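Numbers here simply count residues along the sequence, with the first being 1. Just so you know, these numbers use all the heavy atoms, side chains as well, and skip hydrogens, waters and symmetry mates. In this text the structure is predicted, and so the values were computed from the model without any measurement.
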Amino acid sequence: MLMATVVWKNLARQPLRNAQCRACHRFQRDLSSSRAVDQLENVVRWPIARLVAATREGSTTCETVASAFAAQQQKWKHLNDFITETPENAKKAAAQLDLSREKKESASKSSTLHGVPIAIKDNFCTEGVRTTCASKMLENFVPPYTATVVQRLSEQGAVSMGKTNMDEFAMGSFSTSSAFGPPLNPWLLASDPAACRVSGGSSGGSAVAVATRACAGALGSDTGGSVRVPAALCGVVGAKPTYGRASRHGLVAYASSLDTPGVFASTVDDAALLLDAISGLDPLDSTTADMPRGCPHPLSGLTIGVPQEYFISELPAHTVALWQQGIEWLRAGGATVKSVSLPHTKDALPAYYIIALAEAASNLARYDGMQYGHRAGPATNFSSLVEFYSTTRAGGFGRDVLRRILGGTFVLSRESHESFYVQAQRVRRLVANDFTAVFDAGVDALLVPTVSDGAPTLAAAQAQSVAEGFATDVFTVPASLAGTGSCVLDSAVVFYQYLPLKFFLIPTSGLPAISVPAGLSPAGLPLGLQVIAP
């Protein structure tokens, strides 16, 4: 039986303790250039709870809310955060919610997202709306069904503004491999796209959409940091729940033992509402489980661990300083902070990429041009079936995806399977055992950076080597490895926002994690801190 540690400490009335956090707030507050106190300008800044309350009681309409967010979507369209925009569908759904409320048919208290505009990463299937995975392979694919998590958001009253941009098949750390061009970070925009900052990956479009208030919340998927990294780089909240808390049914597979639906929001409270809406047992996904919800509890008495192995030499001084500030914020809230050791952290990244690439090679074998997706031409134009397959896949997949398929195929080959894949699974167990030992010793959660520094420019990111790109996930991968079937732990997912303000835990099973904006780099770019819990 799961035993959960649940903590709630609300420090929201305390003043922000540094100028960096105030700057993060200013960016969100000043997204609209107009200073007019107009409802359409103000409504996009409201938290989800206020949006829901207003649309339920009738002080504003769902259609007004949808129109306001649609205006933001168009205003920031040049950032390329959406692949498929559906604002008209959102307005129609919102109008139907308004009509139902007038007839007293809905808007009940059980509808937790009544009229809330959301965005959906383009690797979640949506019936009647194309799902491309940012790939030429699925450029015109329209699914005949809807992913479970998308359906659950709709059932709670959310309306979709569209499908967001991403790395092709969710493979990347900067969202630069999209067949539709990269989504750009709204921070420090430049006239030259190459000088603009990357949004992080692979769920970059969802992070940008929330940061620019083109939606109130968004779905992403996290395999090794694909929600947490873009959240940190774009200055929003990104939560990866426990593997099995949210259904993967309808999520196009990359690495099945690692893929986890996650959420983006502007606040921790909003992230909690979205996570609660998508969670729960799903008969269409045998890996899901019913997991208990969180409840208020003071922060005082918690023990927070700081892993010494995360103090890597490449970590800039300003990131270390922010990390130390986060530690002080938690101490001030009543928590005990202690140093801990996770000795196999250095082995997590290579093990992760061997496992992820192996599973990707297996999952993407289905794209052969015969049943759906890109096809190089009529099969009769080719001398053999092998030629047809190879030409179709070479034309449908981008360079990064092809590289990972080749790498995964190699590590699964008869000659290399034992040396690479099996060894990586053994390392996965060791990484999980490290976390188990720390949490069994009385540590309630871990505090670490999400990324080492602010977002690089698009040109700098594209110039990085493959290994340098992989290293972006060095702080996020360990939680993904240790929390997916490698061990079963008494557990809690950690939510916190602006560490001096708020901290609470929601019970789950595995290693959930959340990234929140905690400050700015010297260049004026967002930096995130991450909490990982058992």
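- Atoms OG1 and NE2, from Thr146 and His249 in turn, are 8.5 Å apart once rounded to the nearest 0.5 Å.
- Of all heavy-atom pairs spanning Pro316 and Asp453, the tightest one is CG-OD2, 3.8 Å.
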**Asked** Which is it for Ser206 and Thr164 under the side-chain hydrogen bond (donor to acceptor under 3.5 Å, both in side chains) test, yes or no, and what are the steps along the way?
**Response** CA-CA 6 Å; Ser206 290; Thr164 57; 2.8 Å; yes

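- Counted by atom type alone, Gln308 and Ser339 present one or more donor-acceptor pairs between their side chains at under 3.5 Å.
- Between the side chains of Asp222 and Thr260, no donor-acceptor pair of N or O atoms lies under 3.5 Å.
- Residues Pro183 and Gly204 approach most closely at CG-C, 4.1 Å, considering heavy atoms.
- The heavy-atom pair separating Gly225 from Thr476 by the smallest distance is CA-OG1, 3.5 Å.
- Here the shortest heavy-atom pairing between Gly469 and Phe174 reads CA-CE1, 4.4 Å.
- Ser515 and Thr450 are linked by a side-chain donor-acceptor pair at a separation below 3.5 angstrom, with hydrogens and angles left out of the test.
- Residue Glu359 holds its CD atom at 5.5 Å from CG of Leu258, rounded to the nearest 0.5 Å.
- Interatomic distance, CG of Leu330 versus CG of Leu529, reported as 9.0 Å (0.5 Å rounding).
- Under the 30°/60° scheme for interplanar angles, the aromatic rings of Tyr310 and Trp323 are found to stand perpendicular.
- Judged by distance alone, the side chains of His114 and Thr55 do bring a donor and an acceptor atom under 3.5 Å apart.
- The nearest pair of heavy atoms linking Val474 to Pro478 is O-CD, 3.5 Å.
- Residues satisfying the salt bridge (Lys or Arg N to Asp or Glu O under 4.0 Å) test with Arg50, not counting sequence neighbours, are none.
- A side-chain hydrogen bond (donor to acceptor under 3.5 Å, both in side chains) with Asn123 holds for exactly one of Ser202, Ser226, Ser221, Ser203; it is Ser221.
- Under 3.5 Å, the side chains of Arg404 and Tyr353 contain no donor-acceptor pair of N or O atoms.
- Using modelled atom types and a 3.5 Å distance limit, the side chains of Thr267 and Asp269 yield no donor-acceptor pair.
- When atom types are taken as modelled, the side chain of Trp187 and the backbone of Cys234 share a donor-acceptor pair closer than 3.5 angstrom.
- Side-chain atoms of Asp285 come within 3.5 Å of backbone N or O of Arg248 as a donor-acceptor pair.
- Two residues are said to be in side-chain contact when any heavy atoms from C-beta on lie closer than 4.5 Å; Leu302 and Thr336 fail this criterion.
- Residue Asp444 comes nearest to Ala533 through the heavy atom pair O-CB, 3.9 Å, listed as atom of the first residue, atom of the second, then distance.
- Taking CG of Leu274 as the reference point, atom CG of Leu219 lies at 7.5 Å (rounded to 0.5 Å).
- Residues Pro230 and Phe264 have side chains in contact (heavy-atom distance under 4.5 Å, counting atoms from C-beta outward).
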**Request:** Carefully, step by step, assess Phe311 and Val306 under the rule side-chain contact (heavy atoms from CB on, under 4.5 Å).
**Result:** CA-CA 9 Å; Phe311 282 98; Val306 178; 3.8 Å; yes

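- At a cut-off of 3.5 Å, with distance as the only test, no side-chain donor of Glu168 or Ser178 sits close to an acceptor on the other residue.
- Here the rule is side-chain hydrogen bond (donor to acceptor under 3.5 Å, both in side chains) with Ser480, and of Lys240, Arg428, Arg228 only Arg228 fits it.
- Considering only heavy atoms from C-beta on, Asn433 comes within 4.5 Å of Arg429 through its side chain.
- Judged by distance alone, the side chains of Tyr352 and Asp473 never bring a donor and an acceptor atom under 3.5 Å apart.
- When side chains are defined from C-beta on, Leu233 counts as touching Val451, because their heavy atoms get closer than 4.5 Å.
- The closest side-chain donor-acceptor pair between His344 and Asp434 falls under 3.5 angstrom.
- Panel note: side chain Gln156, backbone Ala277; no donor-acceptor pair is recorded below 3.5 Å.
- The side-chain heavy atoms of Asn185 and Val198, taken from C-beta on, include no pair separated by under 4.5 Å.
- For residues 301-321, the set of pairs meeting the salt bridge (Lys or Arg N to Asp or Glu O under 4.0 Å) definition, not counting sequence neighbours, is empty.
- Trp329 CH2 to Leu447 CG: the interatomic distance, rounded to the nearest 0.5 Å, is 10.0 Å.
- For the pair Ser199 (side chain) and Leu184 (backbone), a donor-acceptor distance under 3.5 Å is absent.
- The backbone N or O of Ser465 sits less than 3.5 Å from a side-chain atom of Glu468, completing a donor-acceptor pair.
- A donor-acceptor pair under 3.5 Å is formed between the side chain of Asp290 and the backbone N or O of Leu281.
- Counting heavy atoms from C-beta outward, Val268 and Val516 have side chains that approach closer than 4.5 Å.
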**Criterion side-chain contact (heavy atoms from CB on, under 4.5 Å) on Val438 and Leu342, from CA distance to verdict** = CA-CA 8 Å; Val438 167; Leu342 299 170; 3.6 Å; yes

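- Inspection of the Asn363 and Ser256 side chains reveals an N or O donor paired with an N or O acceptor under 3.5 Å.
- For the pair Arg331 and Glu328, the salt-bridge criterion is met [side-chain N within less than 4.0 Å of a carboxylate O].
- Looking only at atom types and distance, the side chain of Ser266 has a donor-acceptor partner in the side chain of Arg213 under 3.5 Å away.
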**CA sep, side-chain torsions, deciding dist, call: Val229, Phe475, side-chain contact (heavy atoms from CB on, under 4.5 Å)** = CA-CA 9 Å; Val229 168; Phe475 296 118; over 6 Å; no

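- Rounded to the nearest 0.5 Å, atoms CG (Leu315) and OG (Ser452) are 6.5 Å apart.
- Put simply, the side chain of Leu527 reaches to within 4.5 Å of the side chain of His318, judged on heavy atoms.
- Formation of a donor-acceptor pair under 3.5 Å by the Asp270 side chain with backbone atoms of Ile48 is found in this model.
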**Prompt:** Does the side-chain contact (heavy atoms from CB on, under 4.5 Å) test come out yes or no for Val263 and Val227, once each step is laid out?
**Reply:** CA-CA 7 Å; Val263 297; Val227 166; over 6 Å; no

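- Residue Lys338 qualifies as open at atom NZ: its count of foreign heavy atoms under 6.0 Å is 12 or below.
- Val236 is not listed as a side-chain neighbour of Pro517, based on a closest heavy-atom distance of 4.5 Å or more.
- Defined by atom type and a distance below 3.5 Å, a donor-acceptor pair is missing between the side-chain atoms of Gln72 and Thr212.
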